[in-house]
Amino acid sequence: MKTACRRAFTLVELLVVIAIIALLIAILLPVLGRAKEQANRVLCLSNHKQILLAISFYANDNKGYIPHCNWLGQENAARCPGWLYDAAVSTGGFKQQKDLESGALYRYLRNPKIYRCPLDQPPFDRPNATVHTITSYGLNGSVNGFGRTSPKVPFFKLTQFRSSAIIVWELDEYWSGGANIFNDGSNFPAESITSRHGARGARDTNTAAGKNNSSAGAIVGTTGMSVEWITVKDFLYEANDTVPAHIGVKTRLWNVPDTVNGH
């Protein structure tokens with residue numbers, strides 16, 4: 001009786017199989033990368049939504065008022081916990097979870113992960129980035145008049161803002177314009193947003209390429225409880241109060257209720 005002859009793969013056949021596998025990997029990796037990016041963007045959108053809901057719950061418990069934005073220099077005059085931490089009990093320096101737990105919103109948001117974008121990568125202890133250790137996000141300084149203290153710190157009700165007004169965004173970890181954007185819990189609009197959502201190369205928003213990048217952007221939240229992804233280019237256009245059309249009118253970012261031009 002004849003026995004069956006086993007035929008082994010030739011070297012050429014093995015190389016062909018390896019080449020096909022490599023090609024499939026090359027095709028799938030970008031797809032998987034985009035899927036992961038999309039999943040993280042959805043998670044960041046969810047974080048923003050929960051922060052906005054917590055602000056709404058706080059307002060319901062406090063006669064409609066928005067929590068203090070933790071604007072450095074205004075905190076002592078405000079005499080109340082900010083949304084992110086209570087400056088009166090904070091030990092200073094880089095913030096820790098105990099600082100987060102002292103914030104006005106922590107009673108509504110007890111999961112520290114909600115305060116961090118999943119795409120925000122360490123190190124979080126860059127010089128002067130004292131709050132980056134506990135959050136990726138910041139409030140618009142407009143909610144307390146951009147640090148105004150005379151005749152007193154302005155506190156505004158949620159209903160005093162148009163529903164499209166942007167009050168929460170992702171701080172720009174690559175900002176190098178001179179300001180310390182992570183030194184407290186709030187910012188000026190012109191200090192920009194991060195570009196980590198959809199960014200492909202031009203991550204520095206201080207460069208012309210970064211400012212005009214139509215694919216890089218971040219998540220923002222409004223007083224109407226809506227969240228959206230916005231490009232760095234569009235955000236900076238809205239933040240540019242030197243544009244003639246913006247003079248004398250409030251914008252989505254410059255939106256202090258008791259002013260004409262939102263400043």
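Along the sequence shown, residues are numbered consecutively beginning with 1. In this text, all values refer to a predicted model and were calculated from it rather than measured experimentally.
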Main-chain N/O of Ile55 paired to Trp83 side chain as donor or acceptor, under 3.5 Å: no
Could you tell me whether Phe146 and Trp254 have their ring centroids closer than 6.0 angstrom? yes
Distance check, rounded to the nearest 0.5 Å: Ser186 atom OG versus Ile167 atom CD1? 12.0 Å
Closest heavy-atom contact between Asp234 and Ile230? CB-CG1, 3.8 Å
Does the pair Asn261 and Lys250 meet the rule for a side chain to side chain contact (heavy atoms under 4.5 Å, CB included), with working shown? CA-CA 5 Å; Asn261 60 4; Lys250 293 184 177 71; over 6 Å; no
Can you list the residues that meet the salt bridge (charged side-chain N to carboxylate O under 4.0 Å, His left out) rule with Glu170, with sequence neighbours excluded? Arg196
Hydrophobic clustering (ILVMFWY, side-chain heavy atoms < 4.5 Å, transitive) - are Val256 and Leu72 grouped together? no
Using the test salt bridge (charged side-chain N to carboxylate O under 4.0 Å, His left out), find all partners of Arg116 that sit at least two apart in sequence or belong to another chain. Asp120
If I take atom NE2 from residue His197 and atom CD1 from residue Ile193, how far apart are they, to the nearest 0.5 angstrom? 9.5 Å
Among Lys95, Glu75, Lys98, exactly one meets side-chain hydrogen bond (donor to acceptor under 3.5 Å, both in side chains) together with Tyr85. Which residue is that? Glu75
With sequence neighbours left out, write down each residue that passes side-chain contact (heavy atoms from CB on, under 4.5 Å) with Pro118, or none if nothing qualifies. Asn40, Leu43, Cys44, Asn47
Inter-residue atom distance Ser46.OG - Ile219.CD1, 0.5 Å rounding: 11.0 Å
Heavy-atom nearest pair, Val232 first then Ser195, reads CG2-CB, 3.8 Å
Working to the nearest 0.5 angstrom, can you tell me the gap between Leu139 CG and Asp184 CG? 10.5 Å
Applying side-chain contact (heavy atoms from CB on, under 4.5 Å), name anything that partners Asp125, two or more places apart in sequence or on another chain. Phe94, Pro123
Between Gly217 and Trp229, the two heavy atoms sitting closest are C-NE1, 3.5 Å
Sequence neighbours excluded, every pair satisfying ring-ring contact (aromatic ring centres under 6.0 Å, His included) that has a member inside residues 121-144: His48-Tyr137, Phe124-His132, His132-Phe182
List the residues meeting side-chain contact (heavy atoms from CB on, under 4.5 Å) with Arg79, not counting sequence neighbours, and say none if there are none. none
Results of side-chain contact (heavy atoms from CB on, under 4.5 Å) for Ser164 - residues two or more places apart only: Arg162, Arg252
Verify same cluster id: Phe57, Val168 (apolar side-chain graph, 4.5 Å): yes
Return the set of residues passing salt bridge (charged side-chain N to carboxylate O under 4.0 Å, His left out) with Glu101 (not counting sequence neighbours), or none when no residue passes. none
Running the 4.5 Å side-chain criterion over Ile, Leu, Val, Met, Phe, Trp and Tyr, what cluster does Val153 land in, apart from itself? Tyr65, Phe155
Main chain of Lys157, side chain of Gln160: is a donor-acceptor contact present, judged purely on distance under 3.5 Å? yes
Other than Val89, what residues sit in its cluster of Ile, Leu, Val, Met, Phe, Trp and Tyr side chains whose heavy atoms are under 4.5 Å apart, directly or through others? none
A side-chain contact here means heavy atoms from C-beta on lying under 4.5 Å apart; do Ser56 and Met225 qualify? yes
So which heavy atom on Asp172 is nearest to which on Ile181, and how close? O-CD1, 2.6 Å
Looking at OG1 of Thr135 and CG of Leu100, how far apart are the two atoms once the value is rounded to the nearest 0.5 Å? 7.5 Å
Is the closest side-chain heavy-atom distance between Leu253 and Ser142 below 4.5 Å? no
Side-chain heavy-atom pair Gln50, Val227 within 4.5 angstrom cut-off: no
Those residues that, when tested against Ser226, pass side-chain hydrogen bond (donor to acceptor under 3.5 Å, both in side chains) (two or more places apart): Thr222
side-chain hydrogen bond (donor to acceptor under 3.5 Å, both in side chains) assessment of Asp99 paired with Ser90: CA-CA 6 Å; Asp99 295 299; Ser90 174; 3.2 Å; yes
Report yes or no: does Ser192 contribute a side-chain atom to a donor-acceptor pair with the main-chain N or O of Pro189 at less than 3.5 Å? no
Nearest-0.5 Å distance, SG of residue Cys80 to CG of residue Asp86: 8.0 Å
Taking all non-hydrogen atoms of both residues, which atom of Thr194 and which atom of Leu171 are closest, and how far apart? CB-O, 3.5 Å
Tell me the salt bridge (Lys or Arg N to Asp or Glu O under 4.0 Å) pairs involving residues 47-69, sequence neighbours left out? none
Please check if the side chain of Glu238 supplies one atom and the backbone of Phe235 the other of a donor-acceptor pair under 3.5 Å. no
Within the 4.5 Å heavy-atom criterion, are Asn140 and Cys69 side-chain neighbours or not? no
Under the side chain to side chain contact (heavy atoms under 4.5 Å, CB included) rule, what do Arg148 and Thr259 come out as? Steps first, then yes or no, please. CA-CA 12 Å; Arg148 206 167 74 219; Thr259 62; 4.2 Å; yes
Yes or no on side chain to side chain contact (heavy atoms under 4.5 Å, CB included) for Leu84 and Tyr115, after CA distance, side-chain angles and deciding distance? CA-CA 9 Å; Leu84 188 61; Tyr115 298 83; 4.0 Å; yes
When clusters are formed by joining ILVMFWY residues with side-chain heavy atoms under 4.5 Å apart, either directly or through shared neighbours, do Leu53 and Val220 land in the same one? yes
Which pair of heavy atoms, one from Ala165 and one from Asn255, lies closest together, and at what distance? CB-ND2, 3.6 Å
